[in-house]
Amino acid sequence: MATKEKNPDKGVENGKEVEPKSAEEIFEEFKEHSVAEFFTKNKQMLGFSGKVRSLTTVIHEYVTNGLDACEEAGILPDITVKITSVQEEHYLVKVADNGPGIPLDHIGRALGMMLSGTKFHRYMQQRGQQGIGATGCTMFAQLTSGKPIHIRSSTGNGKVYECNVSVNIKTNMPNVSDVQEYEGEFRGVEVMAEFADVKYDRSEYSPLEYLKRTAIANPHAEISFIDPEGRKVRFPRVSESLPERPHEVQPHPLGLESHTLYELMRISPARKVSSFMTTELVRVTSSKVDELRNVIPQFDFDMSPKDVTWEDARRLVAGFKKVKWVAPSAEGLRPIGNDQIEISLRSLLSPEYLSVRSRPPKVYKGGVPFIVEAAISYGGKSGARTEAGSVGGEIMRFSNRSPLLFDAGGCAITKAVKGIEWKRYGISDFDTIPVTVFVNILSAFVPYTGAGKQSIASEPEVVDEIKFAVMDVARDLQRYIAGKVREETRATKRKAIIRYIQLLSEHLPMLANTGNKEDLEKKLTVLVFDKFKADEAEEDKKEKKTRVLMEEEGNESDSDSDGKIEFDEEDM
Amino acid sequence: MAEKKKSDEKTTVAHDKLVTMGREMVQEINMSESPSFLTPVRSRSNIKSDPDTGALYLGGSKETRTFVHVSQAKKFMQTVAIASKLKSFLEQGLHTSIRGLYYQLKFSIGEDVDEELFSEQSESNPLIEDLEASLDLKREDFNLSTDRKGVVAGNMTIKDKFGGDESIIDAAKQGRSGWMIPSDVDNGMEFVDIDADYVLVVEKDALWQRLNEDKFWKKNNCILITPKGQASRGTRRLIRKLADKKIPIYVFTDCDAWGWYIYWAIKTGSMNLAYLSKSLATPEARFIGVTMSDIEHYDFLKKLTITAKEVDIKRAQEMLSYPWISKHKQWVDELNIVLKTKKKIEQDALQGQRLTFVGDYVKEKITSGEILP
């Protein structure tokens with residue numbers, strides 16, 4: 001996280017040599033050089049690193065925008081994605097949605113200007129949040145293929161427009177050209193963009209895998225995909241219920257990072273930092289501002305928010321952490337919901353067994369609310385398949401419904417799942433069992449490890465909560481597997497005993513010179529199955545007892561969650 | 001099995017017992033009870049030994065075999081199937097081996113027959129033992145034959161009814177090979193005439209052949225038997241029956257663990273077959289030798305001892321701990337010599353000086369009465 005805060009800063013400071021500057025100077029410089037520098041310096045962090053990953057990031061940004069737009073407008077999303085090969089490591093990407101569309105006079109700002117997306121100054125639990133994504137793609141297209149992106153959009157009023165959009169790297173101003181308007185029946189946005197120096201493959205980091213997981217987290221979306229070889233994949237809509245619209249919430253001081261705070265203040269109409277804080281941040285009262293004055297006495301709370309520097313913003317964020325805050329409300333959180341998760345995992349993985357749990361909201365960092373949803377899917381198409389054809393445990397990570405494909409190793413979800421003692425749940429080796437573990441973390445302030453937003457920071461409370469959620473579903477699975485084994489044993493036993501009854505009834509009359517086969521068989525069957533039923537009931541009773549014991553044990557560890565569970569130093 | 005031979009025997013005891021067992025099971029089922037039968041516990045805990053003779057026998061503990069029990073159902077069903085097969089063998093007057101029985105069952109039961117149970121020698125088969133012990137009969141009584149082992153020669157004639165024929169066996173006219181003792185010496189077998197002062201049981205076939213060539217049994221009016229090592233059920237049963245005729249039994253083995261075991265198995269029965277001891281053990285049997293104390297009388301044997309092995313030493317120690325052995329001073333002395341010298345001696349050693357000495361040795365021992373109880 002430290003890097004994330006530093007980098008935008010560096011763009012400014014490293015450009016200059018020595019002397020301290022006035023806020024105006026810095027801001028002017030930022031305006032002139034920041035966009036290009038910001039992008040090139042932060043390309044990696046934004047997900048544009050590696051040929052495969054860059055392409056997946058592009059798909060991610062566009063699909064995310066489409067889904068968010070549809071949901072906000074209350075439309076069931078239809079997303080189509082097509083990747084066509086132009087030449088080697090050079091592709092044409094086409095992503096279309098059926099959302100509300102973007103009016104022509106907004107398109108430049110939406111796709112050709114950094115840090116100015118409609119989402120930026122509103123805080124809600126949404127997939128994209130920084131307003132970097134789509135414009136980043138525009139810039140990435142420009143830098144790799146030399147071409148602007150092409151847009152077709154309509155708000156559904158019968159008028160369709162098409163245009164090219166690019167970013168003026170010098171001024172960070174959008175450049176909209178070749179505008180054509182015509183009559184047509186279309187609603188939504190269709191983006192066509194060319195990217196070079198990227199690569200399509202079918203690995204676990206591919207756009208295909210990304211779309212598959214997006215479909216899992218969004219059962220209400222219809223997603224279709226055509227890959228460069230012309231193969232069509234369709235992830236059908238399996239639920240008609242549109243997620244509840246996210247509540248807009250103002251940012252909470254603890255959820256802010258310095259560059260976001262800086263940007264918020266830059267566009268704030270407030271006259272003083274103190275009034276910006278009490279009006280545009282949640283849970284900040286004037287007495288809290290006074291507390292802050294004591295914590296960071298060198299900071300001038302009466303200056304205009306527009307005069308605040310990156311360094312000021314950082315000092316302020318550091319100050320926030322030293323003050324006790326009333327926790328932000330968890331109201332804005334919008335889980336996918338057990339039913340919806342179940343529908344989509346069933347439809348996609350056709351599992352033999354599935355358990356879904358969502359846990360009540362918890363807080364991390366002393367006050368940021370979050371919710372963990374977890375599911376475990378066993379059998380069917382569950383699990384990751386290697387090229388050699390073997391199946392192993394798979395972890396599907398999501399945050400705010402958005403799949404996380406990259407940086408798995410450092411992610412709190414991976415750590416939590418791998419840290420579970422699977423043997424206790426009847427799974428001898430997680431890496432050889434057809435199991436898919438699904439984890440979705442919901443928060444208006446997901447603690448990502450970087451601006452690439454592919455990995456969740458190992459906040460102890462978050463890791464614990466993920467662990468407990470997964471342990472809940474793992475316990476369900478264990479019960480299922482144990483029951484299945486028991487049922488199989490019983491069925492085998494029953495089958496065998498029926499055969500023994502037949503054979504005994506056949507031989508006994510020959511031995512005794514009396515008795516009738518059918519009659520003996522009937523009587524023996526009654527005798528045997530009465531006994532079996534009693535035996536099985538006894539067995540079930542025993543099993544139930546151990547289950548209760550186990551659950552009690554589980555709850556105990558649950559109550560330990562207040563920091564008692566220890567992590568390896570690496571994890572921290 | 002297609003041609004049915006009418007058994008010329010009257011309904012045998014074995015047949016009756018089998019049918020009765022079946023009837024009781026049918027009755028139990030009709031009374032809504034699990035079919036079952038009682039059988040003596042054959043585990044070591046229930047094996048007792050007669051303090052006087054050392055004869056092993058089963059104590060009074062019994063256990064129930066029952067069908068309505070997860071772990072017993074299969075075995076119970078197989079036991080009943082075996083019983084019904086044995087009954088039909090008896091009715092047909094035909095004999096077969098355990099292996100033959102296995103294929104009979106496989107034909108009618110199929111994959112539910114537990115091959116494991118039938119793959120080993122008869123004595124390891126717990127289901128048949130259940131029937132034997134439960135009904136107080138030997139498997140031979142069920143027309144189940146076991147491997148033959150053991151040879152006899154001497155003045156003894158036997159009537160043998162078998163396969164519908166009847167023949168008279170004269171054990172004095174069997175030339176160099178002797179008469180091979182059948183697995184069943186009870187059913188269809190009858191002594192016609194016996195003229196013998198004693199029975200000599202010689203552990204090793206080689207020694208038996210030596211004595212047979214010397215006409216030892218003819219010259220000394222005895223019956224000469226070799227079990228060829230450990231005595232088979234048929235051989236033990238024959239010895240028991242000869243003892244019943246009040247003929248003294250002398251056993252002549254190596255002086256080592258194996259030889260002693262052969263002697264004591266004939267005399268007291270074995271753990272495995274404790275449930276049959278009554279009809280197999282011969283507590284009257286006496287031990288001729290070879291003994292370590294023989295060295296005192298036959299000087300040349302001194303050179304012919306060999307080093308005792310660990311198993312011999314251990315066995316000697318074990319025997320000293322059995323009360324029915326340790327109460328005999330002669331055995332205690334004998335075993336102590338073995339433990340002290342760590343030597344043993346084979347019966348073959350008696351030929352070391354002169355081949356025909358073996359017969360002289362036996363004669364001298366019997367005449368002098370220097371035999372062990």
Side-chain angles (χ1 to χ4, degrees), chain A residues 426 479-547, chain B residues 11 14-37 65-92 101 104-114 127 131 134-135 142:
Chain A
R479 205 170 306 143
Y480 169 76
I481 291 176
K484 188 177 140 183
V485 170
R486 204 169 49 242
E487 207 31 68
E488 272 169 9
T489 326
R490 283 178 186 177
T492 317
K493 268 190 204 158
R494 272 195 211 108
K495 212 177 128 197
I497 199 88
I498 287 170
R499 176 102 178 101
Y500 301 154
I501 290 172
Q502 289 168 345
L503 289 166
L504 182 62
S505 310
E506 187 182 317
H507 284 88
L508 190 50
M510 292 196 272
L511 175 66
N513 289 336
T514 178
N516 157 287
K517 183 177 185 284
E518 283 71 31
D519 180 47
L520 290 175
E521 207 174 306
K522 226 183 277 167
K523 288 173 175 159
L524 278 171
T525 306
V526 172
L527 267 173
V528 165
F529 283 90
D530 279 355
K531 175 79 162 63
F532 260 48
K533 256 183 238 155
D535 285 357
E536 287 179 3
E538 186 62 32
E539 232 178 74
D540 288 345
K541 220 164 93 187
K542 259 190 223 154
E543 196 272 337
K544 213 171 163 185
K545 226 183 235 169
T546 33
R547 197 168 71 204
Chain B
T11 330
H15 183 268
D16 285 354
K17 282 186 170 181
L18 287 170
V19 173
T20 306
M21 181 189 206
R23 276 181 201 278
E24 283 169 5
M25 289 179 188
V26 172
Q27 269 169 23
E28 282 173 316
I29 295 171
N30 286 333
M31 286 159 66
S32 290
E33 282 168 23
S34 173
S36 65
F37 63 91
R65 301 275 184 259
T66 182
F67 180 65
V68 185
H69 189 286
V70 177
S71 62
Q72 289 189 28
K74 182 178 190 178
K75 285 181 185 167
F76 187 92
M77 176 276 288
Q78 290 185 341
T79 310
V80 169
I82 289 169
S84 105
K85 285 292 170 196
L86 297 177
K87 175 193 166 234
S88 88
F89 297 159
L90 290 170
E91 285 169 355
Q92 296 169 85
L101 172 64
Q104 279 264 316
L105 289 169
K106 196 170 172 59
F107 183 76
S108 57
I109 294 182
E111 78 254 32
D112 290 317
V113 180
D114 200 337
L127 304 190
L131 286 172
S134 175
L135 302 178
F142 301 126

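A note on names: the letters A, B, ... follow the listed sequences, proteins ahead of strands, and every chain is numbered from 1.
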Under 4.5 Å, counting heavy-atom pairs only, tell me which of [options] racks up the most with chain B.
options	value
A:Arg499, A:Gln502, A:Glu506, A:Lys493	A:Arg499
A:Leu527, A:Asp519, A:Val528	A:Leu527
A:Leu503, A:Asp535, A:Thr514, A:Asn513	A:Leu503

Requested in this report: Could you tell me which portion of B:Glu33 (side chain, backbone, both or neither) has an atom closer than 4.5 angstrom to a non-hydrogen atom of chain A?
Outcome: backbone
Report task. Name the region of B:Thr20, side chain, backbone, both or neither, that has any atom closer than 4.5 Å to a heavy atom of chain A. Result -> neither
Requested in this report: Calculate, to the nearest 0.5 Å, the distance between atoms NZ and CG belonging to A:Lys517 and A:Leu508 respectively.
Outcome: 12.0 Å
Query raised in the report: Based on non-hydrogen pairs under 4.5 Å, which of B:Gln27, B:Met25, B:Arg23 is most in contact with chain A?
Result: B:Arg23
Report task. Say whether B:Ser36 and B:Glu28, considering side chains only, have a donor N or O and an acceptor N or O under 3.5 Å apart. Result -> yes
Query - B:Ser84 side chain vs A:Met510 backbone, donor-acceptor pair below 3.5 Å - result: no
Query raised in the report: Donor-acceptor pair, B:Gln92 side chain versus B:Ser88 backbone, under 3.5 Å?
Result: yes
Query raised in the report: Heavy-atom distance under 4.5 Å to chain B: side chain of A:Asp530, backbone, both or neither?
Result: neither
Query - Residue pair B:Phe76, B:Phe37: steps toward the ring-ring contact (aromatic ring centres under 6.0 Å, His included) verdict - result: CA-CA 9 Å; B:Phe76 187 92; B:Phe37 63 91; 5.8 Å; yes
Report task. Output yes when A:Glu518 and A:Lys523 qualify as a salt bridge under the 4.0 Å nitrogen-oxygen rule, no when they do not. Result -> no
